[in-house]
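Shown next, in structure tokens, is the structure this report addresses.
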There are 2 protein chains.
Amino acid sequence: MAKETIAGLAKRLGISKASVSYALNGQPGVSDLTRRRVLDLAEELDWYPSSSARALSRSRAGAVGMVLAADPLLIGTEPYHMGLLTGIETALAAGDTALMLRMVGNDPVQERATYERWAGERKVDGVLVFDHLLDDPRPALLDRLGLPFVLHGAPETGVPHTFSRTTTDHAVDATTIVDHLHAAGHRRIAHVSGPHRFVHEAERVQGVRERAAHHGMEVLPHEANYALLAGQDAVTALLRAPEAPVTAVVFGNDLMAMGGLLALRELGLRCPDDVAIISWDDSLHCQLATPAVTALSRNPGMQGRVAAELLLAVLDTGAIRTESMPRSELMVRASTAPG
Amino acid sequence: MAKETIAGLAKRLGISKASVSYALNGQPGVSDLTRRRVLDLAEELDWYPSSSARALSRSRAGAVGMVLAADPLLIGTEPYHMGLLTGIETALAAGDTALMLRMVGNDPVQERATYERWAGERKVDGVLVFDHLLDDPRPALLDRLGLPFVLHGAPETGVPHTFSRTTTDHAVDATTIVDHLHAAGHRRIAHVSGPHRFVHEAERVQGVRERAAHHGMEVLPHEANYALLAGQDAVTALLRAPEAPVTAVVFGNDLMAMGGLLALRELGLRCPDDVAIISWDDSLHCQLATPAVTALSRNPGMQGRVAAELLLAVLDTGAIRTESMPRSELMVRASTAPG
DNA sequence: CGGGGCCACTGAACCGGTTCAGCAACTCCC
DNA sequence: GGGAGTTGCTGAACCGGTTCAGTGGCCCCG
């Protein structure tokens with residue numbers, strides 16, 4: 001079946017292309033009768049507008065892009081990103097916008113090249129950007145490229161920003177976590193975080209430090225890279241250290257928490273009796289582990305939805321807005337239960 | 001900066017649009033000198049072809065689509081799909097093709113509507129289809145829509161097919177699994193599979209049955225739905241049954257295997273001493289569980305890459321081809337280790 | 001009754017590429 | 001020296017929509 005076009009519909013009805021276009025788009029300039037006839041015929045021939053023709057004449061791609069820049073190995077195992085993706089897609093589908101996905105190994109150059117191409121080819125109308133970095137070059141780049149974007153997970157700081165973003169209050173999360181450990185009697189803890197070049201990690205580290213100080217607790221910070229092995233190594237190193245041992249470890253994600261658990265087992269230490277464990281991300285891993293791991297549930301699906309909806313609004317209105325993420329919830333499980 | 005266009009380049013160089021186009025696309029019809037001048041200028045102004053204009057005139061979108069039709073809850077937790085996605089994206093990026101992603105809850109109507117729209121709007125050049133169903137309506141639908149596709153995970157059966165697909169030999173996998181259990185001394189096992197409406201599940205069930213018969217083993221089949229809870233319930237039901245208990249359970253995916261493990265724990269049974277467990281999908285869950293779960297590693301990343309490359313080839317040549325998936329590998333772990 | 005305003009509709013330009021037919025100049029060969 | 005073939009280039013049509021500047025007919029009102 002040859003594709004129907006607007007010209008085809010017009011010819012069949014004996015009217016002009018322009019009228020057909022107006023009718024189909026609900027624009028004024030056609031009588032109700034004509035509009036009905038057009039819509040009925042379009043329905044009957046199941047006509048759809050050619051997305052490329054429409055994109056060309058409207059100068060709008062009808063799609064937004066997302067670059068997943070992370071170790072492919074991590075992405076496959078970390079449920080956080082998948083949850084995010086699901087939420088994003090839900091919001092975009094509702095807004096009749098397509099999602100263009102690109103995965104690049106943890107490579108800033110490729111991420112940058114992708115944005116440049118997308119902007120140059122006008123392939124997407126905007127992008128979602130993740131994992132805000134210290135001195136992040138991407139906002140400036142995207143501004144220069146004229147590509148609208150939403151930065152997901154920017155700091156909560158009150159500084160007025162020149163771009164749209166979603167924020168999470170990591171200080172509040174830190175307080176939740178530290179208070180929980182303090183209440184369980186811990187006075188000396190370790191914090192195995194992700195790389196500090198991520199703004200959210202820097203904020204978490206600071207948040208934990210400050211809240212711990214507030215309680216008069218001691219914190220051993222340890223920077224790692226989110227991998228299972230990193231969590232394992234961190235715990236091994238921390239507990240072999242000559243200083244008085246910590247009684248609890250906070251992990252920056254679920255994978256490292258799992259690694260920590262393995263390390264404890266190898267060291268012959270019991271969790272939570274000898275060392276308690278808590279993860280900054282909840283996931284099935286935390287629920288299934290033995291003992292089940294206490295974790296902060298951040299609802300990635302909701303976060304994705306909010307971010308995507310914000311991007312759609314930005315594309316629509318051009319406004320610059322900031323959206324706060326809903327509060328996280330601590331899922332208390334056996335790994336921190338008073339022994 | 002206003003976007004450069006081919007007309008702009010042509011004007012600056014004092015030549016025609018046509019020549020510029022030929023030069024940029026490596027087509028004959030321009031002198032080497034002119035070609036160089038065009039390419040240099042394009043480089044200098046960093047010009048990119050407008051994807052929509054190109055799509056319109058070439059009648060090719062430069063993108064392929066993929067509908068992830070599964071329970072969003074499952075998708076987030078099952079690493080299989082994410083691995084697949086990573087592989088697909090890798091292959092597409094190499095082929096300069098964009099990936100359009102749509103997630104629909106486990107809803108055939110929405111999946112169908114998505115294909116119809118994509119075809120009608122000519123938004124994608126082809127699609128990747130997953131989870132072959134018994135009496136799958138999708139091949140016929142896509143043929144009718146004129147949308148090229150690759151069906152991933154079709155049966156290995158020798159019947160000549162009218163479409164391109166990738167196949168997995170589930171009988172071989174079943175043999176691997178059953179032989180492993182037989183060698184460990186099991187004679188009566190259960191097989192907790194996914195829904196039989198999936199062709200691959202039907203084949204696995206048959207494969208397990210036949211291989212077990214070959215060894216004179218007994219198999220209790222149990223159809224479930226891939227969810228954690230389903231695995232849990234299945235094991236509870238199977239082991240409470242009045243008949244002689246099984247000594248091993250084969251699970252259709254890692255999640256159900258985890259559920260099975262939980263159920264065993266609740267029933268006070270030890271794994272592998274009382275009941276051995278084996279999963280048809282490997283993942284971090286299997287590796288982290290206590291005991292670690294023996295699983296068939298199917299390399300989803302590789303599968304995705306092969307499927308995507310096949311689709312690109314199909315789009316290029318229009319040929320109908322079948323690609324076999326590489327052999328799976330059994331990762332033997334504690335859950336089936338002779339007690 | 002005449003003029004202003006509105007309504008329904010149309011032709012043509014436009015978005016930014018690709019591609020075809022045509023044409024001038026130049027080479028080659030008998 | 002003249003016809004055939006090649007090379008390098010151009011103008012214009014085309015892909016399938018959107019949109020602007022008319023145009024004619026009709027109604028309303030002073």
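All chains are named by letter (A, B, ...) in the order of the sequence lines, taking the proteins before the strands, and each is independently numbered beginning at 1. Keep in mind that this is a model prediction, so the values were computed, not measured.
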Tell me, which pairs form a side chain to side chain donor-acceptor pair (under 3.5 Å) where one or both residues lie in residues 308-319 of chain B, sequence neighbours left out? none

Spacing between [X] atom [atom1] and [N] atom [atom2], to the nearest angstrom:
| X | N | atom1 | atom2 | answer |
| --- | --- | --- | --- | --- |
| A:L13 | C:dC9 | CG | C1' | 13 Å |
| A:R37 | C:dA8 | CZ | P | 14 Å |
| B:R60 | C:dT18 | CZ | C1' | 15 Å |
| B:I6 | C:dT18 | CD1 | C1' | 8 Å |
| B:R122 | D:dG16 | CZ | C1' | 8 Å |
| A:Q27 | C:dC7 | CD | P | 15 Å |
| A:K11 | C:dC9 | NZ | P | 20 Å |
| A:E4 | D:dG16 | CD | C1' | 12 Å |

Could you tell me which non-hydrogen atom of A:V124 sits nearest to which non-hydrogen atom of A:W118, and how far apart they are? CG2-CB, 3.8 Å

Does the side chain of A:R54 get closer than 4.0 angstrom to OP1 or OP2 of D:dT18 through an N or O atom?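 The answer is yes; a side-chain N or O of A:R54 sits under 4.0 Å from OP1 or OP2.
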
OP1 or OP2 of C:dC15 under 4.0 Å from side-chain N/O of A:S59: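 No, A:S59 has no side-chain N/O under 4.0 Å of OP1/OP2 on C:dC15.
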
Quick one: which of C:dG17, D:dG16, D:dT19 gets closest to the side chain of A:S50? D:dG16

Side chain of A:N25 (C-beta onward), nearest among C:dC15, D:dT18, C:dT18: D:dT18

For A:A53 and B:R58, take the nucleotide of DNA chain C holding the closest heavy atom to each; which residue's nucleotide lies nearer the 5' end? A:A53

Under 4.0 Å, heavy atoms only, any strand: does A:T5 hit a base, just the sugar-phosphate, or nothing?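 Result for A:T5 = sugar-phosphate.
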
Test your reading of the model: is there a side-chain donor-acceptor pair from B:S57 to the backbone of B:A53, 3.5 Å cut-off? yes

Under a 3.5 Å cutoff, is there a donor and acceptor pairing between the side chains of B:R321 and B:S164? no

Between A:Y80 and A:Q303: side-chain donor-acceptor atoms closer than 3.5 Å: yes

Nucleotide by nucleotide, 5' to 3', does protein get under 4.0 Å of the base (B), only the sugar-phosphate (S), or neither (-) in nucleotides 9-14 of chain D, counting heavy atoms? BBB---

Parallel, tilted or perpendicular: rings of B:H132 and B:F163 (30°, 60°): perpendicular

Could you walk me through whether A:T90 and A:R305 pass the side chain to side chain donor-acceptor pair (under 3.5 Å) test, one step at a time? CA-CA 7 Å; A:T90 308; A:R305 235 190 51 216; over 6 Å; no

